[in-house]
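Structure first, commentary second.
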There are 4 protein chains.
Amino acid sequence: MNKEQRRPPGRPKVNEQNSSTRDLILKTALELFLDRGFPLVSIDNIAQSSGVTKATVYYYFSSKAELFTEAIVRMMDRITNRIQSILSEDLPLKTRLLKMTHAHLKATYRIDLDHFMQGAGDSLSEQQIDRIRLAEARMYEAVEQAFIEAMDRKEIPKINPEFATQIYLALLKVGNHRGKDHRPMFSSVEETARHIICFFWNGLVNTEP
Amino acid sequence: MNKEQRRPPGRPKVNEQNSSTRDLILKTALELFLDRGFPLVSIDNIAQSSGVTKATVYYYFSSKAELFTEAIVRMMDRITNRIQSILSEDLPLKTRLLKMTHAHLKATYRIDLDHFMQGAGDSLSEQQIDRIRLAEARMYEAVEQAFIEAMDRKEIPKINPEFATQIYLALLKVGNHRGKDHRPMFSSVEETARHIICFFWNGLVNTEP
Amino acid sequence: MNKEQRRPPGRPKVNEQNSSTRDLILKTALELFLDRGFPLVSIDNIAQSSGVTKATVYYYFSSKAELFTEAIVRMMDRITNRIQSILSEDLPLKTRLLKMTHAHLKATYRIDLDHFMQGAGDSLSEQQIDRIRLAEARMYEAVEQAFIEAMDRKEIPKINPEFATQIYLALLKVGNHRGKDHRPMFSSVEETARHIICFFWNGLVNTEP
Amino acid sequence: MNKEQRRPPGRPKVNEQNSSTRDLILKTALELFLDRGFPLVSIDNIAQSSGVTKATVYYYFSSKAELFTEAIVRMMDRITNRIQSILSEDLPLKTRLLKMTHAHLKATYRIDLDHFMQGAGDSLSEQQIDRIRLAEARMYEAVEQAFIEAMDRKEIPKINPEFATQIYLALLKVGNHRGKDHRPMFSSVEETARHIICFFWNGLVNTEP
DNA sequence: AATGAATGAGATTTCATTCAT
DNA sequence: TATGAATGAAATCTCATTCAT
């Protein structure tokens, strides 16, 4: 009767600290995976960059594939959130796309999906691939939905929304292109975004294949 | 290990016989590299798929990086030739682009340049990277040149030709996109090409960023 | 990871509660060790099967070797008790052996001593090995003693009692043999026991090498 | 026309040398596996004991499981041959068994089949297990056949031959038993063999369960 | 021209063990 | 009493590369 307030047994989850190590590993891993691709990142690389040992990585993640999956899905979910947040503002579609393009060009991450899936495929389980594909689909849908609504509101003409989405994403990547001398094509991120959206919008509104 | 090489009928030309093994290896290697990317293709894979031994591969190519470089540069040169051949015909630019798009969508190879450079970078020497970058640049220039000439001929308005080229190549890739159910977005290669060029052309001719 | 421990009804006796976890671990460990042998059982396996964490196992046992030793010695002691109980009954030796054989064939545990010592040896300290060897010897002696007494009583002719014991134990193991189709050699445990004892008894009583 | 005698291309298989390395590894591996059991022998152990590198072991055997299988099956086949050779002599069964027992007790290898299968099971493929089981069955059959023929010739009474075989093999193992002081039970191999066969023969000929 | 043998370095993964709480 | 976090050492396996023939 006197044990009113029992402390849970065991070492308390040092909540911040705890999630810190796991998150640190995830963060480091994501950077490396994005930079070099799945096969060229070793667990040792991740561990060293995170300042822990290999075994610690395996304490948190059961395999390299699992760590990869978790890192990628997390990133995609974050991107999806950002996309949804921008696209749900009460502004003309063109303005929202411009904002989004602008935001994307400044971010470090790239949406080169198959880019790093290349090389990982063989190592991932069906289930892991599914998890990634699902996160990928959510990203796409966030954009696709914006086009569908804009069509409903007659803001743009009817067009295959999947096509529009893929085109838009492809153009986004162009923004990061560097020429032979490694210099960007336009002088500022703003200008690049404007050119891309201008090009995209023209293609979108004048449709008669 | 299984040497299923069928010898062509007739007396073999000695020097072609000679180059035959080398070419066979190059061809096999290219396929594998395109399919899986540099790090996931082992010399053993290439040797086995070619029906020779690892040591034979090393007889012809001094390293994996060298073999990779040679294979990629060769492919790019072939593509460059094809591009130039199509683009140098005496037809309106839009028609030539349509033909080229059509041809590209039917070909097996993809121009996902960075795609497989990803993962190879660390292993290639500066010189090898340069050779590839040069071949890549030649490919781009073939397209870029067409835009420049079209601008000179006032067929299209003035625009950053590098930008136009990258946009065009990005749109090309969209043609190969498959949705969740792994089906293409349009019912035929022809229709896909038409949509892409239509979109591209609209963006191209109405330019006021 | 899944803590499916159901608490028994009623107020738990504190000191039994105490020994409960320890015993649970010992019991689980024994099963696993018998099943897979020392090297193929990990502390994690034991912990998980017991519904506790690795650290808890280490709270009760200072090392894997110690846990192994304790589990094995316990089992042997239990077997020794059972043997002594059967062999000390007031019946002809042959009858007692038959009963014991019968009991052994129905029990799950096996007396394949070296069987699991194999693989453990390197990891055990001298002292731990001694403890096990001692328990093993006690088991043997229980049987050996029965032979010695039977010889004293002229129930069987003079014979090296150690030899007789080992022969008997070897024959016991034959009872568990399964043929190619995984079926036993005789239709019932009773029949198997009878065959074994018959064979053994014949060898025992007609001795003139 | 002048190439009457063409030497095969490539480095010739240095026939003895070649098979020497492979055989050396097999031989070393067998010793270690018999001594410590599958899980406690590392490829490094085998490589070092063979005076080659780990990679060389993998050059000849695709996996630890494969090496194990090959080594065990080889040994069993050798034993089978020896058994058949002894048992097919034109002598009374008892004499032949005595010879065989004698030979077995002097040999280093033991027929503790399940002994090392224990611990290997999880790592072997179905196919590999089958190969071993088959070799094991061949060994048993060689003995079983001798009993069947002896029964046909009325040399011994009718008895379940599988039972007889397993009993015999079990008794063989007893011959290797060492007591607490690590000394054998009898003073010489000959005497041990005589005791075992005497015991076995008595059990065999007086059968009425 | 082509090969079989051999290797060193490094990849992923497992596991007994420690320690602060 | 029981635990979550972390680790060092070792195990299995891969692969680009060399070399004598």
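So you know, we letter chains A, B, ... as the sequences are listed, proteins then strands, and number each from 1. Being a predicted model, the structure only gives us computed values, none of them experimental.
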Can you tell me if the side-chain N/O atoms of A:Y60 get under 4.0 Å from OP1 or OP2 in F:dA6? yes
Go through DNA chain E and write down every stem, that is, every run of at least three consecutive Watson-Crick or G-U wobble pairs with distances under 3.5 Å, as range with range. E:2-21 with F:2-21
Rounded off to whole Å, could you give me the OH-to-P distance for the A:Y59 and E:dT13 pair? 19 Å
Rounded to whole angstroms, how far apart are CZ on A:F68 and C1' on E:dT12? 16 Å
Please determine if a side-chain N or O atom of A:T21 lies less than 4.0 Å away from the OP1 or OP2 oxygen of F:dA6. yes
What are the residues of residues 39-50 of chain D, sorted by number, that bring a heavy atom to within less than 4.0 Å of DNA chain F? D:V41, D:S42, D:I43
C:K64 NZ to E:dT18 C1': how many Å, rounded? 17 Å
B:F61 CZ to F:dT18 C1': how many Å, rounded? 18 Å
Do we see a donor-acceptor contact under 3.5 Å between the side chains of B:S125 and B:Q128? yes
Output every pair passing salt bridge (charged side-chain N to carboxylate O under 4.0 Å, His left out) with a member in residues 37-59 of chain A, not counting sequence neighbours, ordered by first then second residue. A:D44-A:K54
Separation of E:dA16 P from C:E66 CD (nearest whole Å): 15 Å
Less than 4.0 angstrom between a side-chain N/O of D:T56 and OP1 or OP2 of E:dA6, yes or no? no
F:dA11 P sits how many Å from D:R36 CZ, rounded? 10 Å
Distance in angstrom units between A:F38 CZ and E:dA11 P, rounded: 13 Å
What's the spacing between D:Q48 CD and D:L32 CG if we round to 0.5 Å? 11.0 Å
With a distance cut-off below 6.0 Å to the six-membered ring centre and an angular limit of 45° from the axis, does D:K64 pair with D:F38 as a cation-pi contact? yes
Measure the CG-OG distance between D:N45 and D:S50 for me, rounded to the nearest 0.5 Å. 10.0 Å
Determine whether a donor-acceptor pair (one donor, one acceptor, N or O, separation below 3.5 Å) exists between the side chain of B:K54 and the base of F:dT17. yes
For D:Y58 and E:dT7, what is the distance between atoms OH and P respectively, to the nearest whole Å? 15 Å
